[in-house]
Amino acid sequence: MIVLKDILYKVAIESVKGSTAVDIKKIHFDSRLISAQDVFVAIKGETADGHAFIEAAVANGANVVVCEELPSEVIPEVSYIQVKDCREALAVMASNYYDNPSANLKLIGVTGTNGKTTVTSLLYQMFKTLGYKVGLISTVVIKVDDKDYPTKLTTPDSLTINSYLKEMNEVGVEFCFMEVSSHGIAQHRTLGLNFEGGVFTNLSQDHLDYHKTFAKYRDVKKRFFDQLSKKGFALTNVDDKNGNYMLQNTKAKTFGYGVKNLTDYKVKILEKSFSGLKLNINGTEVWSRFIGDFNAYNLLAVYAVADLLEVKDIENLQNLSQLKPVEGRYQHHMSSTGIHVIVDYAHTPDALQNVLQTTNDIRSRSEELITVVGCGGDRDTTKRPLMGKIAGNLSTKVILTSDNPRTEDPDSIIKDIEKGVEPQDVSKTLSITSRQQAIKTACILAQQRDIILIAGKGHETYQEINGIRSDFDDLKIVKELLDQLNK
Ligand SMILES: CC(=O)N[C@H]1[C@@H](OP(=O)(O)OP(=O)(O)OC[C@H]2O[C@@H](n3ccc(=O)[nH]c3=O)[C@H](O)[C@@H]2O)O[C@H](CO)[C@@H](O)[C@@H]1O[C@H](C)C(=O)N[C@@H](C)C(=O)N[C@H](CCC(=O)O)C(=O)O
Ligand SMILES: Nc1ncnc2c1ncn2[C@@H]1O[C@H](COP(=O)(O)OP(=O)(O)OP(=O)(O)O)[C@@H](O)[C@H]1O
Ligand SMILES: N[C@H](CCC[C@H](N)C(=O)O)C(=O)O
Ligand SMILES: [Mg+2]
């Protein structure tokens, strides 16, 4: 049994009503999950206020309520802990409840608009090959060494994070690589975790629906570095406009990586093709099967983190050249008749620009570059016209379609994207609401050597419409269609 006062260690408490010497079972922030002797944390969310569910939580058996405002009627058998911020309190309690698991392994957090999944997944791959037990918390999957768990968020809530870290402790994981999203930082999901290091990849427009302004989005990301301890390291992409800004107030030891500017970790791109990149990393030539300049940054970040974690240089470079691409990130497939297909998770203007630019750099220009792209519903609407403009400017044909419409009307999302398509690009742009039909049309249009880029959903194996997720896998669908069409 765990005693309430043990999990309240370091929680900023404003007032207490009732005993803190009570036994508790689990902590939940959803009243519907509460059973007898559980702690209910009332969170003021985006759509609901957890304080409205205190009564329901108590009816389900909660014997402790953590809240920002005490309910008008308090029940004598229940302990009430009033705190300033319930999300902060939840994060601290979660660490305490699971015995501060982040202190028993080396935890590295990766933040930035694009590249988090790629960098964390490659670090997982590299450290596994080096023979360590490794953890991964990413958009695609959570891994406790070899065991996989599904996940819905990039950075899960603090209870979930700590429960997986605890499981990692139990099986002897030494290194854990995790994605730190801006929502995660804003909602204190990672607060109180003991990070050995933090990495900044880049910053461009995304999530303005949530953060409202770019400056606020940037400053939330910076908060992650402000919170690192002086024992840790902070590694930043110095070529990014905000790279140095991120580290301005960090107490951690700072390091830089980049292609354009002189810094601690440097990469030069020597050759690029659809079969990979030839790089010069800090003076040594390395071959990798990754495609695209942006992946030179990702690989360099991986090399730098491995170096900062004291992997021997020779092993680091050898392993770097063995790394395999991550699911849905510039995933390349060649059809039986020689049509190139690229499935990529580009769902921001910057990512779309990068993948298209990269593809244009590699192709010989006589082929068509057919881009199939959409934007998610209930998310940043201002990125839609920007993505329309970029798709039109950098492709020879564009098919605008649906991504995950969620609760929005798919046609009105497409109309928002169309608004950004410039006049000279209108004649090469089609709009087809059904993603399946859009992909089929691209397959019908494509000839040998042409390139079909399907952007936005990468590894996702579903399409979400009105809260219902149906099977949908871009790569599987395009392969089936090309086969059916004998292409
Ligand atoms: C906008 C957002 O970030 N929402 C997240 C947030 O929910 P919320 O606090 O707004 O919840 P709410 O619905 O307002 O409810 C408030 C509270 O009342 C509680 N409640 C509600 C009903 C009830 O009957 N009883 C009850 O106790 C809820 O459990 C909650 O604690 O906190 C929840 C728990 O941690 C998250 O699951 C939820 O993520 C939603 C599902 C989501 O889609 N989030 C996306 C936008 C997200 O976080 N994405 C990032 C970024 C990815 C990237 O960078 O690309 C990510 O890290 O994945
Ligand atoms: N270093 C990078 N710079 C710019 N774009 C990148 C970079 N790495 C990947 N991308 C592009 O961004 C897309 C998403 O990459 P990745 O999944 O690694 O990013 P992420 O930060 O995890 O995204 P999310 O916020 O959705 O979790 C890729 O499919 C690719 O198009
Ligand atoms: N982590 C990203 C995922 C976007 C993926 C795209 N397919 C969409 O559904 O919008 C987000 O929450 O914005
Ligand atoms: Mg990710």
Side-chain angles (χ1 to χ4, degrees), residues 28-34 40-57 60 62 86-87 90-91 110-122 137-141 151-161 178-190 200-204 206-207 209-211 217 220-221 237 239-240 290-301 325-331 342-359 376 378-380 404 406 453 455-460 464:
H28 288 295
F29 53 84
D30 186 334
S31 59
R32 292 162 291 197
L33 303 176
I34 292 277
F40 175 65
V41 185
I43 285 177
K44 287 186 180 163
E46 300 306 312
T47 50
D49 181 354
H51 289 75
F53 305 106
I54 292 179
E55 218 176 296
N60 283 346
C86 277
R87 285 196 198 272
L90 177 69
V110 179
T111 197
T113 308
N114 293 308
K116 300 183 294 295
T117 300
T118 308
V119 171
T120 51
S121 308
L122 296 184
I137 299 179
S138 82
T139 313
V140 182
V141 65
T151 179
K152 279 198 164 174
L153 293 173
T154 289
T155 305
D157 65 82
S158 52
L159 272 173
T160 306
I161 296 175
M178 81 174 284
E179 289 187 51
V180 178
S181 70
S182 56
H183 290 74
I185 305 167
Q187 294 172 17
H188 305 297
R189 298 179 197 161
T190 55
F200 171 73
T201 58
N202 48 62
L203 196 75
S204 61
D206 201 11
H207 304 307
D209 54 324
Y210 185 76
H211 301 289
Y217 173 46
V220 163
K221 292 266 183 205
N237 172 0
D239 292 347
D240 188 276
F290 286 79
I291 306 165
D293 290 10
F294 60 88
N295 272 322
Y297 282 92
N298 293 337
L299 288 164
L300 184 62
V326 182
E327 229 183 305
R329 273 63 183 169
Y330 215 94
Q331 208 168 347
I342 297 154
V343 170
D344 187 80
Y345 196 45
H347 54 78
T348 66
D350 181 58
L352 188 63
Q353 169 140 359
N354 279 324
V355 294
L356 284 169
Q357 210 116 50
T358 282
T359 311
D378 304 336
R379 295 282 190 275
D380 191 347
N404 292 310
R406 301 196 174 84
L453 169 72
K457 290 177 58 59
H459 65 284
E460 293 176 354
E464 187 177 327

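Counting starts at 1 for both ligands and their atoms, in listed order. Hydrogens, waters and symmetry mates play no part in the numbers below; they use all other heavy atoms, side chains included.
Among protein heavy atoms, atom 16 (C) of ligand 1 sits closest to Ala48 O, 3.3 Å. Among all protein heavy atoms, the one lying closest to atom 11 (O) of ligand 1 is Gly45 CA, 4.2 Å. For atom 57 (O) of ligand 1, the nearest non-hydrogen atom of the protein is Ser181 OG, 2.6 Å. In this structure, atom 31 (O) of ligand 2 lies nearest to the protein heavy atom Asp344 OD2, 2.4 Å. Nearest non-hydrogen protein atom to atom 11 (C) of ligand 2 is Ala351 CB, 3.7 Å. Nearest non-hydrogen protein atom to atom 22 (C) of ligand 1 is Arg32 NH2, 3.1 Å. Nearest protein neighbour of atom 26 (O) of ligand 2, counting heavy atoms only, is His347 NE2, 2.8 Å. From the protein, the heavy atom lying nearest to atom 25 (N) of ligand 1 is Ser31 OG, 2.8 Å. Here the protein heavy atom with the shortest distance to atom 19 (O) of ligand 2 is Gly115 N, 2.8 Å. Regarding atom 1 (C) of ligand 1, its nearest protein heavy-atom neighbour is Glu46 CG, 3.5 Å. Of the protein's non-hydrogen atoms, Phe29 O, 3.7 Å is the one closest to atom 28 (C) of ligand 1. The protein heavy atom nearest to atom 13 (O) of ligand 1 is Thr47 OG1, 2.8 Å. From the protein, the heavy atom lying nearest to atom 27 (O) of ligand 2 is Thr139 OG1, 3.0 Å. From the protein, the heavy atom lying nearest to atom 5 (N) of ligand 2 is Asn354 ND2, 3.3 Å.
Only the side chain of Phe53 comes within 4.0 Å of ligand 1, counting heavy atoms alone; its backbone N, CA, C and O stay farther away. Of all the heavy atoms of Thr118, the ones lying under 4.0 Å from any atom of ligand 2 are found in both the backbone and the side chain. In Thr117, the parts holding a heavy atom less than 4.0 Å from any atom of ligand 2 are both the side chain and the backbone. Heavy atoms of Asn114 found under 4.0 angstrom from ligand 2 belong to the backbone as well as the side chain. Contacts of Gln187 with ligand 1, taken as heavy-atom pairs under 4.0 Å, involve the side chain alone. Heavy atoms of Thr113 found under 4.0 angstrom from ligand 2 belong exclusively to the backbone.
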Quick one: do Asn114 and Thr348 satisfy side-chain hydrogen bond (donor to acceptor under 3.5 Å, both in side chains)? Show the steps, please. CA-CA 8 Å; Asn114 293 308; Thr348 66; 3.2 Å; yes

Show your reasoning for whether side-chain hydrogen bond (donor to acceptor under 3.5 Å, both in side chains) applies to Tyr330 and Thr118. CA-CA 10 Å; Tyr330 215 94; Thr118 308; over 6 Å; no

List the steps, then state whether side-chain hydrogen bond (donor to acceptor under 3.5 Å, both in side chains) holds for Tyr297 with Asp240. CA-CA 11 Å; Tyr297 282 92; Asp240 188 276; over 6 Å; no

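The shell of residues lying under 4.0 angstrom from ligand 1, judged by heavy atoms, includes Arg189. Residue contact check for ligand 1: His207 places a non-hydrogen atom closer than 4.0 Å to it. Every heavy atom of Thr201 sits 4.0 Å or more from the atoms of ligand 2.
What you find for Gln331 and Glu327 is that their closest heavy atoms are OE1-C, 3.6 Å. Considering every non-hydrogen atom in both Ser31 and Phe40, the closest pair reads N-CE1, 3.3 Å. When all heavy atoms of Thr117 and Glu179 are compared, the pair lying nearest together is OG1-OE2, 2.6 Å. Considering all non-hydrogen atoms of both residues, Arg379 and Asp209 come closest at CA-OD2, 3.4 Å. Closest heavy-atom contact between Asp344 and Leu453: CB-CD1, 4.2 Å. The two atoms that bring Cys86 and Ile43 nearest to each other are CB-CG1, 4.2 Å, heavy atoms only.
Side chain of Arg189 to main chain of Thr155: a donor-acceptor pair is present (N/O by atom type, distance under 3.5 Å, no hydrogens or angles). Remark: the backbone N or O of Asp239 is paired with a side-chain donor or acceptor of Asn237 at under 3.5 angstrom. At distances below 3.5 Å, at least one donor-acceptor pair connects side-chain atoms of Lys221 with backbone N or O atoms of Gly112.
Residue contact check: Phe40 has heavy atoms under 4.0 Å from atoms 27 (O) of ligand 1. For ligand 1, the atoms sitting less than 4.0 Å from at least one non-hydrogen atom of Arg87 are 8 (P), 9 (O), 32 (O), numbered in the order shown with element in parentheses. For ligand 2, the atoms sitting less than 4.0 Å from at least one non-hydrogen atom of Thr154 are 27 (O), numbered in the order shown with element in parentheses. Short contacts between ligand 1 and Gly50, defined as distances under 4.0 Å to a heavy atom of the residue, involve ligand atoms 18 (O). Every atom of ligand 1 with a heavy atom of Ile43 under 4.0 Å away is listed here by number and element: 16 (C), 17 (C), 31 (O). The ligand atoms of ligand 2 that sit less than 4.0 angstrom from a heavy atom of Asn202 are 1 (N), 2 (C), 3 (N), 4 (C). Each of the atoms 22 (O), 27 (O) of ligand 2 lies under 4.0 Å from some heavy atom of Glu179.
For ligand 1, the polar-atom distance check against Thr155 finds a nitrogen or oxygen pair separated by under 3.5 Å. Taking only nitrogen or oxygen atoms, main chain and side chain alike, Val355 does not reach within less than 3.5 Å of ligand 2. Distances between N or O atoms of Thr154 and those of ligand 1 include at least one value under 3.5 Å. For Asn298, a nitrogen or oxygen atom sits less than 3.5 Å from a nitrogen or oxygen atom of ligand 2, counting backbone and side chain alike.
When you scan the N, O or S atoms of Glu179 for the one nearest the Mg ion (ligand 4), you land on OE1.
The heavy atom nearest to atom 13 (C) of ligand 2, considering only Tyr345, Phe294, Phe290, is found in Tyr345. In this comparison of Lys116, Lys457, Arg329, His207, the heavy atom closest to atom 24 (P) of ligand 2 sits on Lys116. Here atom 43 (O) of ligand 1 lies nearest to Arg379 when heavy atoms of Lys116, His183, Arg379, Arg406 are compared. Of the candidates Leu153, Thr160, Asp157, it is Leu153 that places a heavy atom closest to atom 36 (C) of ligand 1.
Between the Mg ion (ligand 4) and Thr117 there is an N/O/S contact shorter than 2.8 Å. The Mg ion (ligand 4) has an N, O or S atom of Thr139 closer than 2.8 Å.
Rounding to the nearest 0.5 Å places OG1 of Thr111 at 6.0 Å from NZ of Lys116.
A 4.5 Å side-chain heavy-atom check between Phe294 and Asn202 finds every atom pair outside the cut-off.
There is no protein heavy atom closer than 4.0 angstrom to atom 33 (C) of ligand 1.
Put simply, the residue from Ile161, Leu153, Thr160 that forms a side chain to side chain contact (heavy atoms under 4.5 Å, CB included) with Ile137 is Ile161.
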